[in-house]
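Every value quoted in this text rests on a predicted model; they were computed, and no experiment measured them. In what follows, chains carry the letters A, B, and so on, assigned in the order in which the sequence lines appear, proteins first and then strands, with residues in each chain numbered from 1. The figures here come from the full heavy-atom set of this structure, side chains too, leaving out hydrogens, waters and symmetry mates.
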Amino acid sequence: MSVPTLAVWKFASCDGCQLSILDCEDELLSLAGAVRIAHFTEMTRAVEPGPYDISLVEGSVTTPADAERIGQIRAQSRLLVTIGACATAGGVQALRNMAGAGEYAGLVYAHPEYLSSLEGSFPISAYVQVDLELQGCPVSSSQVLEVLTAVLAGRRPVIPLHSVCQECKRQGTTCLLVRGANPCLGPVTRAGCGALCPAVGRGCYGCFGPTESPNVVSLARRLRADGMSPLAVSRLFQTFNAGAPGFDGEAAEAAAAARAARAGREGS
Amino acid sequence: MAWSPRAGDLAVVDVAGLDALIMALADASYDVRGPVVRSGAIEPGPLGGVVDLPRGMRDEQAPGRYDLSDTAGGAFFDWSSSARSWKAELFPPEEELWRARQEPGGNVTFLSTPKASRREPLPLAILGLRPCDFAALGVTDRVFAGAAVPDPRYRRRRDTAFMAVVECGSPGGTCFCSSMGTGPGCEGTDAAPDLVLTEIASGTVADHRFLVRVVSDRGAEVMAAVPTRKATEADRSEREAILSRAAARMGRRLVTEGLPELLLANLDHERWSEVARRCLACGNCTSACPTCFCADVRDTTELSGQVVRRRRWASCFDREHSYLHGGAVRASTSSRYRQWMTHKLATWWDQFGQSGCVGCGRCITWCPVGIDITEEAAALRGAALPAGGGAA
Ligand code: SF4
Ligand code: SF4
Ligand code: SF4
């Protein structure tokens, strides 16, 4: 392959993952030399037509127009890699999947009938074939670089599927859950961030989404044994990856409890 | 001239003498490490003198729970095992093995690995590893240094390292070294430490002292700079009393009789599925275990064109760990837990002629859901919970 072309796409998202690419700083120039950036509007207005060798897709599918556009992008991309919690699990906006977006639209917009949106926020993989998913809110710059350098060399990228715990242990961070019963989602959350939060004394919020086999039920039992209410435990999962398989069960419970509470208030 | 112990002698030093020992190690150009308090736990760290030791600290360990409190007592070693083992000192969690570049003509040039060589400027001296920790070194020695092709990095660090073991007077709630024959005293296994210390802190402040058994010539050389006296019969019997009290206070017990056969005869036991419902497959146990030695070796390329081979701790609780062509052999958590436990307690014997478990209890304490290897073994045996049992 001569210099491969790279395209970066945005769907429903906050642009944080695209910023993580720009954040590669030291490597950014070498990257710009190794690939031809053909479409990356966060970075440059110059846009080249497809097809593209590598497409990185940020964001979730939330409108019929998104659903159509992702099909076109797939058709023009040799490799399609989704980046971030939105693209891989629907993102924080997938909370609406548990709430009935229609109801809320009426509360927020004067003319909800002008909106054309899907009932939920869905991962890219719900619409097209995805070659690789990089989790994280936002993704790790070094994982993005790892994928691109692997593609350039024609090798498999080294992306761990295991827990954040192992990153804590490798860097010598004392477990917050065991020492201090600090709620932490690290045991069910995929590594990749370098265990950033526990390193500064805060339990993992789960922004990298589930490991390949997250035992959320068992971790939730432990957190409740430490005195957290079932609702407080469920809410821990109701964030960036609420729609991810594994986290969605607890997140839906929190949503159901919130609905019940609202119904109770309205009923009384 | 004052008496100075030789290899084989039993000496006594006071607190100032312990401080002098740490200084003597530093003077002998060792990078001295020992137990220190960090982030609310006792962890390996740099040791500049007795002031850095966790004086007065006592740990409380239970399945999935660790707590450290200041008892305002005077003892330096009134705790059981450090949160992290000393494994990382000899077998770093992540290490660059080599780095190379392909030249335009196709030749490959190997580059020096600056990061790796900067890691070990001085030989290590560890003061305050526990008998179980030292026994664990005996286990990793067979794995790394006793292999047909010894690991040169491990070997270099290990051969140059000075080991001063401190025997255990205060075993913790998850300890079971006496079941494994690795503690609470350090009687010398197949590998010999340099010094073996026992703290005697039960008397008056003036009486606070350490028994020092000098094992190696290297130990004797360092002790030459430390004010000592010969141990008396009273000192010896005090040590015996401390160790037998400690042995009686083990938080846990593992019945090892026929255990390998028992485990291997029960590979289809329903307990494996039961434990899998609790197990998070997080790998805290294998990371905390002083003998787990698995690593993943991966080659990566960099944008600069360099190729790097790195070794990084890996865990049998990871899906990737059993990845063969076409998929992971151990897809279920039950098969991963079973692999871990049967390797530790059964197949390690076939592979290395010893147990892979030294009874330090770290996998029990640092398991977020308090899975207890002694309890699992007892359940498979169909016996009641072991002494002090009960999970988080
Ligand atoms: S520790 Fe958890 S919440 Fe924090 S950055 Fe990492 S994955 Fe995200
Ligand atoms: S298996 Fe558990 S108790 Fe045994 S040596 Fe490893 S961490 Fe310690
Ligand atoms: S036994 Fe405990 S520490 Fe080990 S993988 Fe399972 S949950 Fe994690």
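- B/R101 places no side-chain N or O within donor-acceptor distance of the main-chain N or O of B/L111, the cut-off being under 3.5 Å.
- Between chain B and the residues A/D226, A/T173, A/L176, A/L161, the largest count of heavy-atom pairs under 4.5 Å involves A/L161.
- Contacts between A/P214 and chain B at a heavy-atom distance below 4.5 Å are absent for every atom of the residue.
- Using a 4.0 Å cut-off between a side-chain N of Lys or Arg and a carboxylate O of Asp or Glu, B/R153 and B/D151 do not qualify as a salt bridge.
- For chain B, the nearby part of A/E146 is the side chain; its heavy atoms alone come within less than 4.5 Å.
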query: Would A/W9 and A/L56 satisfy side-chain contact (heavy atoms from CB on, under 4.5 Å), going step by step from the backbone distance to the final call?
result: CA-CA 6 Å; A/W9 308 95; A/L56 301 179; over 6 Å; no

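- With a 4.5 angstrom heavy-atom cutoff, B/N284 touches chain A via backbone and side-chain atoms both.
- Contacts between A/L145 and chain B at a heavy-atom distance below 4.5 Å involve the side chain alone, from C-beta outward.
- Using a 4.0 Å cut-off between charged side-chain N and carboxylate O, B/E89 and B/R157 make no salt bridge.
- For a residue to count as touching a neighbouring chain, one of its non-hydrogen atoms must lie under 4.5 Å from one of that chain's; by this rule A/T211 does not touch chain B.
- Of the listed residues (B/E320, B/R277, B/H321), the one with the most heavy-atom contacts under 4.5 Å to chain A is B/E320.
- For B/R312, the part sitting under 4.5 Å from any heavy atom of chain A is the side chain, from C-beta outward, and nothing else.
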query: How far apart are the C-alpha atoms of B/R278 and B/E375, what are their side-chain angles, what is the distance that settles it, and do they pass the salt bridge (charged side-chain N to carboxylate O under 4.0 Å, His left out) test?
result: CA-CA 13 Å; B/R278 286 175 281 139; B/E375 189 189 329; 5.0 Å; no

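- In this structure, the side chains of B/E103 and B/V108 stay at 4.5 Å or more apart for every pair of heavy atoms.
- Heavy atoms closer than 4.5 Å to chain A are found nowhere in B/Q61, neither backbone nor side chain.
- For A/R155, the part lying under 4.5 angstrom from a heavy atom of chain B is the side chain only.
- Interface residue B/R319: backbone and side-chain heavy atoms are both found under 4.5 Å from chain A.
- Side-chain N or O atoms of A/R179 include one that pairs as donor or acceptor with a backbone N or O of B/S39 at under 3.5 Å.
- Of the atoms belonging to B/T286, not a single heavy atom falls under 4.5 Å from chain A.
- Looking at B/A276, the atoms closer than 4.5 Å to chain A (heavy atoms on both sides) all sit in the backbone: N, CA, C or O.
- Proximity to chain B is limited to the side chain of A/E212, based on heavy atoms less than 4.5 angstrom apart.
- Taking the six-membered ring for Trp, B/F144 and B/F91 have ring centres closer than 6.0 Å.
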query: Yes or no on salt bridge (charged side-chain N to carboxylate O under 4.0 Å, His left out) for B/D133 and B/R362, after CA distance, side-chain angles and deciding distance?
result: CA-CA 11 Å; B/D133 294 328; B/R362 287 189 181 90; 3.0 Å; yes

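- Between the side chain of B/D296 and the main chain of B/A314, no donor-acceptor pair closer than 3.5 Å is present.
- B/D299 touches chain A through its backbone: at least one of N, CA, C or O sits under 4.5 Å from a heavy atom, while the side chain does not.
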